[in-house]
Amino acid sequence: MTLKLRNTASGELEAFKPIADVVKLYVCGVTPYDVSHVGHAMSYVVFDVLRRYLEFRGYQVRHVQNFTDIDDRIITRAERLGIEIGELTSDMIERYMEEMRSLNVLPAHEYPCATKEIPQMIEMIEALVEKGYAYEAGGDVYYRVRSKEDYGRFSHRDLESMMAGARVEPNEQKEHPADFALWKGAKPGEPSWESPWGPGRPGWHIECSAMALRYLGEQIDIHGGGQDLIFPHHENEIAQTEAYTGKAPFVRYWLHNAWVKSGEEKMSKSLGNFIPISEALEQYSADAIRMWVLFSHYRTPLTFTSEALSAAKRGAERLRIAVRTPSNGADGDAVDAAPCREQFIAAMDDDLNTSKALAALFDLAHEINRRRDEGRKVADAQAALLELADVLGLTLTEPEADISAAPFIELLITIREELRGAKQFELADRVRDGLDELGVTLEDGPEGTTWRRRE
RNA sequence: GGCGACGUAGCCAAGUGGUUAAGGCAGGGGUCUGCAAAACCCCCAUCACCGGUUCGAGUCCGGUCGUCGCCUCCA
């Protein structure tokens, strides 16, 4: 069995074969001008799962993810806040990193920032101008889309029909309306860097090319991002990179995740209809949020609703209980996890069918509970469930309980035990209900009472 | 207008030609329990609509209706 991925470039399911031993993975990062929202969470959880699965399958992965720490929105916002752009971006980057940690997203191996890669970008732009793929116009430098005969093929559009849309801003400096900026001359007062074309800053697309080139090489295995980046970002990235290196394809497999909807429309920063990751994390555990994402396929739009998140929360709890409840059985392990493991792998091999992979985990959890109830041993199966859940980045651990509260909870349980012994059920129930309201659930079993913390 | 995607049970969501249409949540009925909780057992869909291809279609083709996305910054 091999991993098959839906390659945006071909639209086909393709067997994954890395170019070399180490899989080169580049994921488009955020523009840190504002806090990240659950749409970003979806995207980075998806690519985190891709990375974890590749590693689970025995590949070594080198994961690079950028920060676009210079652009119009950053400049505007920093100006409005009256702070330096660096102050704004480093704050947002710090928050982003913290949120990813909370979501159990593995850190990339490199997080290059656009502003730290200016020389590389200038070098690329110069070479593109020299080769005739780009031209300078009034302090700006543009990529000449006409220089690439199949420009638009990647995103399934052609220059003529794009012009028909009439949404491309006319710019008399450009040779062609679709030509895109590699370098933007600075307007007075804007942050800028020196260049052969005067002070300015890089265009959006060039940074990813320069960083991918520098940190991963001229041809990479997988490039990921949201579907909204297919055009123009990735189309342009391909054009300029392949023009620069003379090698194609720049990327072997392009993967794009769908977007998160807020109500009936796409959640996005510009629409202002977003739910920050920090806000989601206040209400739901990382496991719940990840499970919400993973319940559906990465190329299908997701909707953030309390119903969906609650379902994920309960689902995570179900798996958690299956792995944490010990068995007192003594005979050999009663559950064979191998069939589940096979189903899990088959599902993940099929373009990361996480919905099906999760179903395999729920089946295993069910089997574990059944056998445990029969008094059989299930420890090995529980270990397997934990291992496979980890491939999806699910920890299956309970929400952090306040350690200092534990002895008091234990004490209340002991007292309640005595009340129950004395058939003082009303008082005993008051203890249980009281703890329940504080987010602690008591469960009476044959071995005594246990407690767990709810999300 | 161009391009892309989607419409499966109360909700979320797999399934791309062939046994009883995965799984989760919610709901109903049981077992367990002092009562609960958790777990376990049982129940709950003919796949937007119309037509076609086929021995056979949720699954392919055509059309209708509806929804979303990209074409400008966006994960």
Side-chain angles (χ1 to χ4, degrees), chain A residues 8 11 27-31 33-34 36-47 68 71-73 152 155-158 160-169 178 204 224-233 235 256-261 264-271 274 291-292 294-297 299-303 305 307-319 321-322 325 343 347 350 353-363 365-366 368-374 420 423-426 428-429 432-433 436 441-446 449-452 454:
Chain A
T8 306
V27 179
C28 276
V30 295
T31 300
Y33 76 97
D34 199 352
S36 300
H37 56 69
V38 292
H40 301 104
M42 174 200 187
S43 190
Y44 298 112
V45 164
V46 163
F47 291 108
T68 305
D71 102 326
D72 290 345
R73 292 162 299 167
S155 52
H156 304 283
R157 59 197 77 207
D158 58 76
E160 277 182 40
S161 62
M162 272 165 56
M163 294 310 105
R167 292 177 72 183
V168 178
E169 277 179 37
W204 176 31
Q227 283 175 355
D228 44 15
L229 299 182
I230 293 172
F231 188 88
H233 189 50
E235 182 77 55
H256 292 95
N257 62 277
W259 58 96
V260 169
K261 296 199 293 178
E264 281 306 305
E265 61 184 4
K266 192 180 127 187
M267 181 179 293
S268 81
K269 289 198 233 180
S270 46
L271 290 174
F274 62 88
M291 196 169 275
W292 162 67
L294 269 19
F295 260 142
S296 71
H297 189 87
R299 276 186 285 98
T300 304
L302 251 182
T303 309
T305 61
E307 291 82 2
L309 269 294
S310 300
K313 177 164 121 179
R314 279 287 299 136
E317 200 174 9
R318 184 172 169 77
L319 293 186
I321 287 167
T325 309
Q343 284 173 31
D350 182 18
N353 191 331
T354 52
S355 181
K356 218 192 245 179
L358 275 173
L361 298 192
F362 280 108
D363 286 345
H366 185 234
I368 288 170
N369 291 335
R370 243 162 58 94
R371 297 304 179 189
R372 194 211 298 104
D373 281 6
E374 288 173 2
R420 290 177 71 211
K423 305 250 185 271
Q424 303 254 32
F425 295 121
E426 213 169 297
D429 289 350
R432 184 175 61 197
D433 295 345
D436 189 73
T441 300
L442 298 192
E443 290 176 358
D444 302 326
T449 300
T450 57
W451 65 279
R452 66 190 159 87
R454 288 197 318 278

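Here is the naming used below: chain letters follow the sequence lines, and residue numbers restart at 1 for every chain.
Between His156(A) and C3(B) there is no side-chain N or O to OP1 or OP2 distance below 4.0 Å. A close approach under 4.0 Å does not occur between any side-chain nitrogen or oxygen of Asn257(A) and OP1 or OP2 of A75(B). Using a 4.0 Å cut-off, some side-chain N or O of Thr300(A) falls inside it from OP1 or OP2 of A14(B). Side-chain N/O atoms of Asn369(A) include none lying less than 4.0 angstrom from OP1 or OP2 on A38(B). Close to C70(B), at under 4.0 Å from its OP1 or OP2, lies a side-chain N or O of Lys266(A).
Within the nucleic acid shown, Leu442(A) comes within 4.0 Å of at least one base atom, counting heavy atoms only. Val260(A) comes within 4.0 angstrom of a nucleotide base, judged by non-hydrogen atoms across all strands. Looking at heavy-atom distances under 4.0 Å, Gly29(A) makes contact with sugar-phosphate atoms alone, never a base. As judged by a 4.0 angstrom heavy-atom cut-off over every strand, Tyr44(A) is placed among residues touching the sugar-phosphate backbone only. Counting any heavy atom pair closer than 4.0 Å across all strands shown, Ile230(A) reaches no nucleic acid atom. In this structure, Glu265(A) reaches the sugar-phosphate backbone alone: every heavy-atom distance under 4.0 Å involves primed, P, OP1 or OP2 atoms, never a base. Note on Glu443(A): a base of the nucleic acid sits closer than 4.0 angstrom, heavy atoms only. Using a 4.0 Å heavy-atom cutoff across all strands shown, Gly225(A) reaches sugar-phosphate atoms only and no base atom. Among the atoms of the strands shown, only primed sugar atoms or phosphate atoms (P, OP1, OP2) are found under 4.0 Å from some heavy atom of His297(A). Residue Asn353(A) is classed as a sugar-phosphate contact, given heavy-atom separations below 4.0 Å to backbone atoms only. Residue Glu317(A) is out of contact with every strand shown, counting any heavy-atom pair closer than 4.0 Å.
Applying the salt bridge (charged side-chain N to carboxylate O under 4.0 Å, His left out) rule to Asp72(A) yields the partners Lys184(A), Arg201(A); only residues at least two apart in sequence or on another chain are considered. Partners of Ser296(A) by side-chain contact (heavy atoms from CB on, under 4.5 Å), not counting sequence neighbours, listed by chain and number: Leu302(A). Contacts of Arg299(A) classified as side-chain contact (heavy atoms from CB on, under 4.5 Å), with partners at least two apart in sequence or in another chain: Arg6(A), Gln227(A), His297(A), Asp351(A). Legend: residues meeting salt bridge (charged side-chain N to carboxylate O under 4.0 Å, His left out) with Lys269(A), ordered by chain and number and at least two apart, are absent. For the side-chain hydrogen bond (donor to acceptor under 3.5 Å, both in side chains) test, no residue two or more places apart in sequence or in another chain qualifies with Lys356(A). For Tyr44(A), the ring pair (Phe, Tyr, Trp, His ring centres under 6.0 Å) partners at least two apart in sequence or on another chain are Tyr96(A). For the side-chain contact (heavy atoms from CB on, under 4.5 Å) test, residues two or more places apart in sequence or in another chain that qualify with Arg420(A) are Arg416(A), Glu417(A), Phe425(A), Ala428(A), Asp444(A), Thr449(A). Residues passing the side-chain contact (heavy atoms from CB on, under 4.5 Å) test with Ile321(A), sequence neighbours excluded: Glu317(A), Thr325(A), Arg452(A).
Nucleotides A45(B) and G27(B) place their C1' atoms 15 Å apart, quoted to the nearest Å. Taking the C1' atom of each, C44(B) and A22(B) are spaced 16 Å apart, rounded to whole Å. For the C1' atoms, the distance linking U59(B) with U16(B) amounts to 4 Å, nearest Å. Across the P atoms, A36(B) and G28(B) are found 14 Å apart, a figure rounded to whole Å.
Taking every side-chain heavy atom of Asp228(A) into account, C70(B) is the closest of C70(B), C40(B), A38(B). The side chain of Met42(A) sits closest to A75(B) out of A75(B), G15(B), A37(B). You'll find that the side chain of Thr31(A) is closest to A75(B), out of A75(B), C68(B), C71(B).
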Please tabulate, one pair per line, each protein N/O and nucleotide N/O from nucleotides 57-60 of chain B that are separated by under 3.5 Å, including the distance.
none

Enumerate the protein-to-nucleotides 29-34 of chain B contacts in which both atoms are nitrogen or oxygen and the separation is below 3.5 Å.
unit_1 : atom_1 : unit_2    : atom_2 : d
G34(B) : N7     : Arg420(A) : NH2    : 3.4
G34(B) : O6     : Arg416(A) : NH2    : 3.4
G34(B) : O6     : Arg420(A) : NE     : 3.1
G34(B) : N1     : Asp429(A) : OD1    : 2.9
G34(B) : N2     : Asp429(A) : OD2    : 2.6

Every protein N/O lying under 3.5 Å from an N/O of nucleotides 44-47 of chain B:
none

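With both pairing distances under 3.5 Å, C60(B) is matched to G52(B) as a Watson-Crick or G-U wobble pair. In this structure, C65(B) forms a base pair with G7(B), meeting either the Watson-Crick or the G-U wobble geometry with both donor-acceptor distances under 3.5 Å.
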* To do: At under 4.0 Å between heavy atoms, which parts of nucleotides 18-26 of chain B does protein reach? Answer with one letter per nucleotide, 5' to 3': B base, S sugar-phosphate only, - none.
  => ----BSSSS

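Comparing Gly226(A) and Arg157(A) by the nucleotide of RNA chain B that holds the closest heavy atom to each, the one mapping nearer the 5' end is Arg157(A).
With 3.5 Å as the limit, one finds a donor-acceptor pair spanning the side chains of Ser270(A) and Ser268(A).
Rounded to whole Å, the distance from CD on Gln424(A) to P on C35(B) is 18 Å.
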* Could you walk me through whether Arg370(A) and Asp373(A) pass the salt bridge (Lys or Arg N to Asp or Glu O under 4.0 Å) test, one step at a time? => CA-CA 5 Å; Arg370(A) 243 162 58 94; Asp373(A) 281 6; over 6 Å; no

